[in-house]
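Please read the structure below before turning to the comments.
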There are 2 protein chains.
Amino acid sequence: MPDTSSCQFEQRPRRLVMGAVGLQPDFCKMCNVRPSSVCSAIEDADIARLSEAAVETIVPPGRCFIEEGEPATDFFNVTSGTVKLFKALPDGRRQITGFAGPGHFLGLAVSDRYAFGAEAVDTVRLCRFSRERMRGLLDDFPRMERRLLEEASNELVAAQNQMLLLGRKTARERVASFLLDQANHGELNAAGQLHLPMTRGDIADYLGLTIETVSRTLSWMRAQGMIDVGKGYAITLLSQERLESLAEGED
Amino acid sequence: MPDTSSCQFEQRPRRLVMGAVGLQPDFCKMCNVRPSSVCSAIEDADIARLSEAAVETIVPPGRCFIEEGEPATDFFNVTSGTVKLFKALPDGRRQITGFAGPGHFLGLAVSDRYAFGAEAVDTVRLCRFSRERMRGLLDDFPRMERRLLEEASNELVAAQNQMLLLGRKTARERVASFLLDQANHGELNAAGQLHLPMTRGDIADYLGLTIETVSRTLSWMRAQGMIDVGKGYAITLLSQERLESLAEGED
DNA sequence: GCTCTGCATTGATTTATATCAAGGGGTCAT
DNA sequence: ATGACCCCTTGATATAAATCAATGCAGAGC
């Protein structure tokens, strides 16, 4: 399942065994999933420093590994799987603010407490750094800081799009936007079929809808011939064009 | 109106006259409105470089100075006034993604196009940099990059809170959250009275509601004795406590 | 094999908020 | 002054989506 062939550094693999815990932080993967400046910024000589600081962690589906409001001790980089980030109200209402896939950084917050929770959607692998060490790394690798700024800026753009979706789009527009987003983030296989790792409940909490509305909307799209809903979590986009015009409210 | 007494660097004022345009970029203000690392990072010797790069601009109320989708040529720092940032759908539906006050940076986006529009709510003063120059400045002042990362992280937290608001809160909870946010951002005068620079329409577009719902909700809060709605844009918070429990859905 | 549990779908009904509509009180230019 | 315009408020009605409710399906454990 972990696709090492997609690693652009495959020619000179860099698997490092962690003495302390016996796990292998795969910096190749950590850096390359999104081709980025951080990769070229990290020289062979620096790898030792990084390997000291990082611990590879495996999180099973459904396990919450960042609790909103807890002290922000660690900083993460996702290497495989999907994480849901969320905020909740005291009465249980929950808003998923984003899904983080391979390459995403978690725990950027400046505050000393996590501002959100994080839970594994499927099996998730991630590199964990203590924030203390992370601070040191940023001092030594200024280009890493630039990489983080880039990442944060991208997330900010995504957040603004999501605010437009949550504040002003109809249920149909929301679901169409979501399917297209997922398709554009490489979760699409050859036949245009999408494998959604998350449940209807997660989608609902991400789109500010209820499970029932998500389900009904998908059924409606299927009836319209826009999509094909397969067993489990597979969805085929039959008319990307119509979904796009729907997502932007052009009808 | 511009409150120079709040400038923490008042002891050694640094007003620089721009030869080219005859305007005065006030770096003191630009840096200090939020006490930040960038200030200590900028030495006297660097000021010349900054003054070369920045142009102070005054934007009248209602003027749109960033158009969504246009080439992202400039980078801004607000020195006074309030800016609304927004995204719109083709049919005119509009979502205000945030209000930017003194100290905020605009135009962080990595892309070569602006991902959002920006319009002055009241009279706005800002420092404008070309992105090209900004890039050079970031190379020379790494601490400025750290400051931007901090800023972006804070905005990300705010965006997550806003997603929770837009996706899961009721109209009453949204308006209560908004009033408390505004109060916490220093827009509060001695008597707990809040001066909102924006119209009901702006508030509605920020909270994902209609003008009518915002108006009705404020009337309801007044009837409940939570607030007092004065003439124009002044609002007094009579029971911050009740507003807080309302904002978090505890009732 | 069975039951239990979680997830998804679909239908009936309710409700919060949008939409439509009217009127009041500023401000500005004529 | 007068009218035009904008913003706000309030009321009546419509509607999209939530809620309540029932059913089906699939995997896990016994």
Side-chain angles (χ1 to χ4, degrees), chain A residues 60-62 84 89 91-96 119 121-122 165-179 195-224 227-235 246 249 251, chain B residues 60-62 84 89 91-96 119 121-122 165-176 178 195-224 227-235 246 249 251:
Chain A
K84 57 185 174 196
L89 290 170
D91 65 2
R93 279 174 288 171
R94 168 177 286 222
Q95 178 66 37
I96 291 180
E119 184 179 317
V121 172
D122 45 18
L165 180 149
L166 292 170
R168 292 302 182 207
K169 288 187 181 179
T170 66
R172 287 172 183 178
E173 291 162 359
R174 293 182 199 201
V175 174
S177 300
F178 171 72
L179 292 176
H195 180 79
L196 302 175
M198 68 291 286
T199 68
R200 298 285 187 268
D202 288 336
I203 298 173
D205 280 346
Y206 181 54
L207 299 180
L209 300 170
T210 57
I211 293 179
E212 294 94 325
T213 299
V214 170
S215 184
R216 271 188 257 272
T217 305
L218 288 172
S219 298
W220 175 83
M221 286 176 172
R222 187 185 41 191
Q224 297 286 310
I227 63 172
D228 187 38
V229 182
K231 278 288 169 204
Y233 297 99
I235 289 183
L246 177 56
D251 59 336
Chain B
K84 57 186 174 196
L89 291 169
D91 66 2
R93 278 174 288 172
R94 168 179 285 222
Q95 177 67 35
I96 292 181
E119 184 180 316
V121 172
D122 44 18
L165 181 149
L166 292 170
R168 291 301 182 209
K169 288 187 181 178
T170 66
R172 287 171 183 178
E173 290 162 359
R174 293 183 200 202
V175 174
F178 171 73
H195 179 78
L196 302 175
M198 67 293 286
T199 68
R200 298 284 186 270
D202 288 336
I203 298 173
D205 281 346
Y206 180 55
L207 299 179
L209 301 170
T210 58
I211 292 179
E212 293 94 325
T213 299
V214 171
S215 183
R216 271 188 257 270
T217 304
L218 288 172
S219 298
W220 175 83
M221 286 175 171
R222 188 184 41 191
Q224 297 288 309
I227 63 172
D228 187 38
V229 182
K231 278 287 170 209
Y233 298 98
I235 290 184
L246 178 55
D251 60 336

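Proteins get letters first, then strands, A, B, ... in listed order; numbering begins at 1 in each. All values reported here derive from a predicted model rather than from experimental measurement.
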Discussion item. Assuming nearest nucleotide by heavy-atom distance, tell me which of A:Lys169 and A:Glu212 is located more 5' along DNA chain D.
Written reply: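 Comparing both residues, the 5'-ward one is A:Lys169.
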For the side chain of [X], counting heavy atoms from C-beta on, which of [options] is nearest?
X: B:Thr170; options: D:dC8, C:dT17, C:dA18; answer: C:dT17
X: A:Thr213; options: C:dT17, C:dA12, D:dA17; answer: D:dA17
X: A:Ile211; options: C:dT9, C:dT10, D:dA17; answer: C:dT9

Just how far, in rounded Å, is [atom2] of [N] from [atom1] of [X]?
X: A:Arg93; N: D:dA18; atom1: CZ; atom2: C1'; result: 13 Å
X: B:Ile227; N: D:dT9; atom1: CD1; atom2: C1'; result: 13 Å
X: A:Leu165; N: D:dA17; atom1: CG; atom2: P; result: 12 Å
X: B:Asp91; N: C:dT19; atom1: CG; atom2: P; result: 10 Å
X: A:Trp220; N: D:dA16; atom1: CH2; atom2: C1'; result: 14 Å

Check whether any side-chain nitrogen or oxygen of [X] sits under 4.0 Å from OP1 or OP2 of [N], and answer yes or no.
X: A:Ser215; N: C:dT10; answer: no
X: A:Arg222; N: C:dT10; answer: yes
X: A:Tyr233; N: C:dC7; answer: no

Worksheet entry | Partner set under side-chain contact (heavy atoms from CB on, under 4.5 Å) for A:Ser177, not counting sequence neighbours | A:Leu165, A:Lys169, A:Ala247
Practice prompt. For B:Arg216, enumerate each residue passing the side-chain contact (heavy atoms from CB on, under 4.5 Å) test, keeping only those at least two apart in sequence or located in another chain.
Written response: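 If we apply the side-chain contact (heavy atoms from CB on, under 4.5 Å) test to B:Arg216, skipping adjacent residues, the hits are B:Glu212.
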Between N or O atoms, less than 3.5 Å apart, protein on one side and nucleotides 22-29 of chain D on the other: list the pairs.
none

Discussion item. Students often get this wrong, so: under 4.0 angstrom with heavy atoms, is A:Arg174 touching a base, only sugar-phosphate, or nothing?
Written reply: nothing
Discussion item. For a quick check of understanding: with a heavy-atom distance under 4.0 Å over all strands, which category does A:Arg172 fall into, base, sugar-phosphate or nothing?
Written reply: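 No contact.
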Measuring only between side-chain heavy atoms, which start at C-beta, is [X] closer than 4.5 Å to [Y]?
X: A:Thr217; Y: A:Leu209; answer: no
X: B:Ile96; Y: B:Met198; answer: no
X: B:Asp205; Y: A:Arg168; answer: yes
X: B:Val175; Y: B:Thr213; answer: no

Discussion item. Please give me every residue in residues 198-209 of chain A whose heavy atoms get under 4.0 Å of an atom in DNA chain D, ordered by residue number.
Written reply: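 A:Gly208, A:Leu209, in order of number.
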Item to complete: Note the angle between the end axes of the helix from C:dG1-D:dC30 to C:dT30-D:dA1, five pairs defining each, rounded to 10 degrees.
Response: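 So the angle between the two local helix axes works out to 30°.
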Item to complete: Check side-chain hydrogen bond (donor to acceptor under 3.5 Å, both in side chains) between B:Arg172 and all other residues, then give those that pass, not counting sequence neighbours.
Response: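 Not a single residue meets the side-chain hydrogen bond (donor to acceptor under 3.5 Å, both in side chains) criterion with B:Arg172.
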Item to complete: Using atom types as modelled and distance alone, determine if a side-chain donor or acceptor of B:Arg222 lies under 3.5 Å from a backbone N or O of B:Val229.
Response: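 Looks like no, no N/O pair under 3.5 Å.
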Worksheet item: Any donor-acceptor pair under 3.5 Å between the side chain of A:Arg216 and the base of D:dT19?
Response: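 Result: at least one qualifying N/O pair found.
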